[in-house]
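All remarks here apply to the structure that follows.
Given the structure is predicted, the values throughout are model-derived calculations rather than measurements.
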Amino acid sequence: MLRSRLIPVLLLRGKSFVKTVNFKKFSYIGDPCNTVRIFNELEVDEISILDILATRNNKEPNYELISEIASEAFMPLSYGGGIKTVDQAKRIFDLGIEKIILNSEGIKRPEIISEISEIYGSQAVTVSIDVKKSFFSKVQKIYTKCGTKATDLALAEWAQKCESMGAGEIMLNSIDRDGTWNGYEIDLYKDLSSKLSIPLIGIGGAKNIDSAKDLIKKANCSAAGVGSMVVFQKEGKGVLINYPEPSVINAKLHNKFDED
């Protein structure tokens with residue numbers, strides 16, 4: 001069984017890392033290379049980087065910046081944003097990125113999932129899905145282009161299709177919980193994980209290591225994506241890059257869970 005993971009998910013806006021709330025207003029976090037250097041010292045196992053403007057502005061990935069970040073990182077990196085072709089994915093992999101993350105382009109052209117996974121393997125392809133509850137119901141609607149464009153796709157059906165097309169894992173991001181410190185929406189992830197045979201990463205609302213434990217234990221997620229809790233001192237406080245001690249992560253996520 002794979003070890004449970006706690007993954008900082010860092011949002012790239014231009015040449016800076018930022019943190020959003022509900023995919024809207026954002027706070028400046030810092031220079032990407034400096035931020036990654038700090039995470040190196042904190043012994044982070046893995047980092048995901050999402051360019052939140054590339055697809056929205058119809059831009060290619062910033063290969064120069066990605067190369068600079070990758071050269072500083074001691075841990076595996078995954079990257080998403082602006083990837084539309086196998087050639088672009090190849091350039092990303094060649095820079096030292098271990099996984100690429102597909103979102104809007106996967107919905108627009110699902111075959112890109114297979115095209116990349118057939119060459120690099122399913123373990124190198126993550127599909128990110130952004131969801132938000134409908135205003136008139138509790139149905140989770142899938143959005144593209146950084147949460148600005150709604151689709152008619154059904155969540156479970158789309159995730160299962162991504163799996164069948166060759167995705168190695170699904171990253172499910174709750175727009176409603178993004179940056180709120182309100183904890184993960186456990187039922188959302190529990191329902192989807194029960195319908196997949198590939199790993200599921202939950203993102204949105206993490207407030208501490210115990211909320212990550214709840215996500216992994218109660219929703220059967222393989223990883224907890226974290227944002228605010230590792231870039232701010234605490235809710236309402238200033239920027240402070242941080243990460244739980246390895247001993248704490250091991251005790252909370254890797255050892256046998258205590259019975260409730």
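- Within the 4.5 Å cutoff, the side chain of Ile112 has no heavy atoms near those of the Thr85 side chain.
- With contacts defined as side-chain heavy-atom distances shorter than 4.5 Å, the pair Thr151/Trp158 does not qualify.
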Donor-acceptor pairs under 3.5 angstrom involving side-chain atoms of residues 91-99: please list them, not counting sequence neighbours.
| residue | atom | partner | partner atom | Å |
| --- | --- | --- | --- | --- |
| Asp94 | OD2 | Lys90 | NZ | 2.7 |
| Lys99 | NZ | Glu169 | OE2 | 3.1 |

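- At least one donor-acceptor pair under 3.5 Å links the side chain of Asn40 to the backbone N or O of Phe74.
- Interatomic distance, Ile38 CD1 to Ile241 CD1, rounded to the nearest 0.5 Å: 5.5 Å.
- Linking Ile, Leu, Val, Met, Phe, Trp and Tyr residues whenever their side-chain heavy atoms come within less than 4.5 Å places Ile129 and Ile113 in a single cluster.
- Applying the salt bridge (charged side-chain N to carboxylate O under 4.0 Å, His left out) definition to pairs two or more places apart or across chains, none involves residues 154-167.
- Note: the hydrophobic cluster containing Met171 does not contain Ile142 (ILVMFWY, side chain heavy atoms under 4.5 Å, direct or indirect links).
- How far CG of Asn220 is from CG of Leu215: 9.5 Å, rounded to the nearest 0.5 Å.
- Residues meeting the side chain to side chain contact (heavy atoms under 4.5 Å, CB included) test with Asp31, sequence neighbours left out: Cys33, Asn34.
- Closest non-hydrogen pair, Ala167 versus Val127, comes out as CB-CG2, 3.7 Å.
- Residue pairs meeting the salt bridge (charged side-chain N to carboxylate O under 4.0 Å, His left out) criterion with at least one partner in residues 62-82, sequence neighbours excluded, are Arg37-Glu72.
- No single ILVMFWY cluster, assembled from side-chain heavy atoms under 4.5 Å apart, contains both Val21 and Val230.
- Nearest heavy-atom pair across Ser228 and Gly179 is OG-CA, 3.7 Å.
- Atom NZ of Lys141 and atom CG of Leu153 lie 9.0 Å apart (nearest 0.5 Å).
- A single hydrophobic cluster is not seen to contain both Leu240 and Val44; linkage of ILVMFWY side chains at heavy-atom distances under 4.5 Å, directly or through other members, places them apart.
- Applying the ring pair (Phe, Tyr, Trp, His ring centres under 6.0 Å) test to Tyr243 and every residue at least two apart in sequence or in another chain returns nothing.
- Under the 4.5 Å side-chain heavy-atom criterion for Ile, Leu, Val, Met, Phe, Trp and Tyr, Val231 and Ile49 are members of the same hydrophobic cluster.
- Applying the side chain to side chain donor-acceptor pair (under 3.5 Å) definition to pairs two or more places apart or across chains, those involving residues 7-27 are Lys19-Asp178, Thr20-Asp178.
- A distance of 6.5 Å separates OG in Ser78 from CD1 in Ile7, rounded to the nearest 0.5 Å.
- Nearest heavy atom pair, residue Pro61 against residue Gly81, reads CG-O, 3.4 Å.
- The distance from atom NZ of Lys218 to atom CD1 of Ile186, rounded to the nearest 0.5 Å, is 6.5 Å.
- Across Tyr184 and Ala206, no two heavy atoms sit closer than the pair OH-CB, 3.1 Å.
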Can you check side-chain contact (heavy atoms from CB on, under 4.5 Å) on Ile209 and Leu253, steps first, answer last? CA-CA 9 Å; Ile209 189 67; Leu253 304 186; 4.2 Å; yes
Starting from the C-alpha separation in whole Å, work towards a yes-or-no answer on side-chain contact (heavy atoms from CB on, under 4.5 Å) for Ile201 and Asn173. CA-CA 8 Å; Ile201 304 169; Asn173 199 338; over 6 Å; no
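- Leu102 has its side chain within reach of Val125: a pair of non-hydrogen atoms, C-beta onward, lies under 4.5 Å apart.
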What verdict does the side-chain contact (heavy atoms from CB on, under 4.5 Å) test give for Ser48 and Ile101, after you've listed the backbone C-alpha separation in whole Å, the side-chain angles of each residue and the deciding distance to 0.1 Å? CA-CA 9 Å; Ser48 292; Ile101 301 170; 4.2 Å; yes
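- Identified under the ring pair (Phe, Tyr, Trp, His ring centres under 6.0 Å) test for residues 3-46, with sequence neighbours left out: none.
- Summarising the local packing, OH of Tyr63 is surrounded by more than 12 heavy atoms from other residues, nucleotides or ligands at distances under 6.0 Å.
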Please determine whether side-chain contact (heavy atoms from CB on, under 4.5 Å) holds for the pair Lys207 and Glu235, giving the CA-CA distance in whole Å, both sets of side-chain angles, and the decisive distance to 0.1 Å. CA-CA 8 Å; Lys207 55 184 176 180; Glu235 185 177 1; over 6 Å; no
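- Within the 3.5 Å criterion, the main-chain N or O of Ser128 finds a donor-acceptor partner in the side chain of Asn103.
- When atom types are taken as modelled, the side chain of Tyr120 and the backbone of Glu115 share no donor-acceptor pair closer than 3.5 angstrom.
- With sequence neighbours excluded, the residues forming a side chain to side chain contact (heavy atoms under 4.5 Å, CB included) with Asp51 are Leu12, Leu53, Ala54, Tyr79, listed by chain and number.
- Within the structure, the salt bridge (charged side-chain N to carboxylate O under 4.0 Å, His left out) test picks out no pair touching residues 143-152 (sequence neighbours left out).
- In this structure the side chain of Val226 never reaches within 4.5 angstrom of the side chain of Val9, judged on heavy atoms.
- By the side chain to side chain contact (heavy atoms under 4.5 Å, CB included) test, Ser122 pairs with no residue at all, sequence neighbours left out.
- Closest heavy-atom contact between Ala212 and Ala224: CB-CB, 3.7 Å.
- Applying the side chain to side chain contact (heavy atoms under 4.5 Å, CB included) criterion to Ser114, with sequence neighbours excluded, gives Glu118, Met165.
- Annotation: side chain of Ile170 is in contact with side chain of Cys162 (closest heavy-atom distance under 4.5 Å).
- Using a cut-off of 4.0 Å between Lys/Arg side-chain N and Asp/Glu carboxylate O, Asp45 and Arg5 are scored as not salt-bridged.
- At least one donor-acceptor pair under 3.5 Å links the side chain of Arg109 to the backbone N or O of Lys84.
- Nearest heavy-atom pair, Met229 versus Asn242, reported as atom, atom and distance to 0.1 Å: O-OD1, 3.0 Å.
- You'll find the side chain of Leu155 reaches within 4.5 Å of the side chain of Leu172, heavy atoms only.
- Evaluation of the salt bridge (charged side-chain N to carboxylate O under 4.0 Å, His left out) test over residues 179-193, restricted to residues two or more places apart or in two chains, returns Lys133-Glu185, Asp191-Lys195.
- We find the CD1-CD distance between Ile175 and Gln140 to be 9.0 Å, quoted to the nearest 0.5 Å.
- Within 6.0 Å of CD in Glu245 there are 12 or fewer heavy atoms belonging to other residues, nucleotides or ligands.
- Between Leu6 and Pro244 there is a side-chain heavy-atom pair separated by less than 4.5 Å.
- When side chains are defined from C-beta on, Lys237 does not count as touching Phe232, because their heavy atoms never get closer than 4.5 Å.
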